[in-house]
Amino acid sequence: MSSLALYDTLTRTSRPFTPIKAGQVSVYLCGATVQGSPHIGHIRSGLNFDILNRWLTKSGYEVTFIRNVTDIDDKILQKAVTEKAPWWAVAMKYEREFSDAYAAVNVLPPTYEPRATGHITQMIQLMSILIERGAAYAPGNGDIYLSVRSLDSYLTLSRQKLDDLLSADDAAGSFKKDPRDFALWKGAKPGEPSWPTPWGDGRPGWHLECSAMAHAYLGEAFDIHGGGLDLIFPHHENEIAQSEAAGYAFANIWMHNAWVTTAGEKMSKSLGNSLLVKELLKQVRGIELRWYLGSAHYRSMLEFSAEALNESATGFRRIESFLFRAVEILGTQATPSLSQGFIDAMNDDLAVPTALATISESLRIGNSAITAGDMKAIATSANEIRGALEVLGCDPFDSAFAGATTSAESGALDGVIQLALAQRTAARDRKDFAASDEIRDGLAALGITIEDTPQGPRWSISRTEER
RNA sequence: GGUGCGAUGGCCGAGAGGCGAGGCACAGGACUGCAAAUCCUGCUACACGGGUUCAAAUCCCGUUCGCACCUCCA
């Protein structure tokens, strides 16, 4: 039995995972800043860490999974202006879109999903500690800055030197003691939301909320902190700075997922609508989108293409189809189990691509077993495949993916098709192949695929779309 | 300027000193009335130049190219 090793950005090595408290794992994932509709890059992050969550749970840990929502920031305020709506309505609208997108690809809800604006008290408390300890200062304009020169260490995660950084262009003429100091809190501006503090009215800076909320729900030290690669600097560096300056040990392991890229480049928010989750869900099912986004290793860039997505979806249907056939033949649902190969792969820093190879192997064995009529081997393969799909969040029998049609409707549809198939079988029996092919072609034109098996004909909805 | 990541067959995509990952596509075969589905077989790759080693896709040095971050990006 192998044990879990995870890659830690801080040490740049993969190392054995040992939780702080035996049997329990605490995870903090930087979730969305709800300033626009989610694209597949955003959702990939949630999905990669959902696989981590599921694997930890499957491995027997009790997981506390916190994924925040940052519902106040500059871009949300800008958006409120362009959308002519209150900032809180904008934030809520996009938060719902994120929730819908996560649900569509079967990302499990986190244990708790704290919002930044709900934790102003904790932020003020954290700032008080930082000011008291001399790590932060209020220069009098309403802003509060963290003094990076006062820190024992800084930039350990990104391995940069403070003096090598290009200085921020807003540094000139500001109230900052050092141009690299960053704002924990921003003084109130006319027309913008603000909250009262001992140092004057204002609103949170970008980084403070994660330190405050991680502390609120996971305590001074926790196991895993995750997020996108682009958060390493400045967001995570600043979280570390704030938290350590306050005397907290903070995260034990840092995990970062890579991006979805297009034409070799990181997706940006100005890219248009084509890669929004809600658009792609018009092309493939949620389970297929998940299979595609989850198939690359979380630390590898995933180069998006419509062809790759379709190819991936086709591959998934092949696996799914085996499970459906296995259930028909066995007359019983597959019981999820895990092969040793799959376990070893997942334990090796969530090596999903290697894990997928084990599914392919099980699939080949399972399909051969169907041909051979080897019930025991069919069951073993089906169980292993279902177990693997469950961990990857792609179990086709998961109620999360239940279709929208009612059983009455699908029963009626099956009845109609069975009638047609009976006609076709009769035609084939009298060797009237012109008539039988006409029926098959007619059904195909309606998007229904017919396969002749030793157990008789079976039908399925062909989901392959042109383009 | 600083700090990282990467380059693998027609395509996608793992691996990280020695035993051909896997998938897709393609070709041949089995099965089929023909298909579909499935199975079998084939397709032997690691950017370039040096070096270390009995052995390098993997380690070291250099080069080229690509990508990213450097204070409100997942």
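First the proteins, then the strands, lettered A, B, ... as listed; each starts at 1.
Between His297(A) and Ala351(A), the closest heavy-atom pair is ND1-CA, 3.8 Å. Nearest heavy atoms, Val34(A) versus Ala91(A): CG2-O, 3.5 Å.
Taking every side-chain heavy atom of Leu231(A) into account, A74(B) is the closest of G4(B), A74(B), C34(B). Picking from G33(B), A74(B), A14(B) the nucleotide with the shortest atom distance to the side chain of Asn257(A) gives A74(B). The side chain of Arg440(A) sits closest to G33(B) out of G33(B), A74(B), U71(B).
A salt bridge links Glu95(A) with Arg115(A): the closest approach of a Lys/Arg side-chain nitrogen to an acidic carboxylate oxygen falls below 4.0 angstrom. Between Lys161(A) and Asp163(A), no side-chain nitrogen of the basic residue sits less than 4.0 Å from a carboxylate oxygen of the acidic one, so the salt-bridge criterion is not met.
Between Asn238(A) atom CG and C69(B) atom P the separation is 16 Å, expressed in whole Å.
Position along RNA chain B of the nearest nucleotide to His207(A) versus Gly227(A) favours His207(A) as the more 5'-ward residue. Each of Arg44(A) and Leu155(A) was matched to the nucleotide of RNA chain B holding its nearest heavy atom; the match closer to the 5' end belongs to Leu155(A).
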Distances for protein N or O near nucleotides 16-23 of chain B N or O, under 3.5 Å:
unit_1: G22(B); atom_1: O2'; unit_2: Ser360(A); atom_2: OG; d: 3.1

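Residue Ile450(A) is in base contact, counting any heavy-atom pair closer than 4.0 Å across all strands shown.
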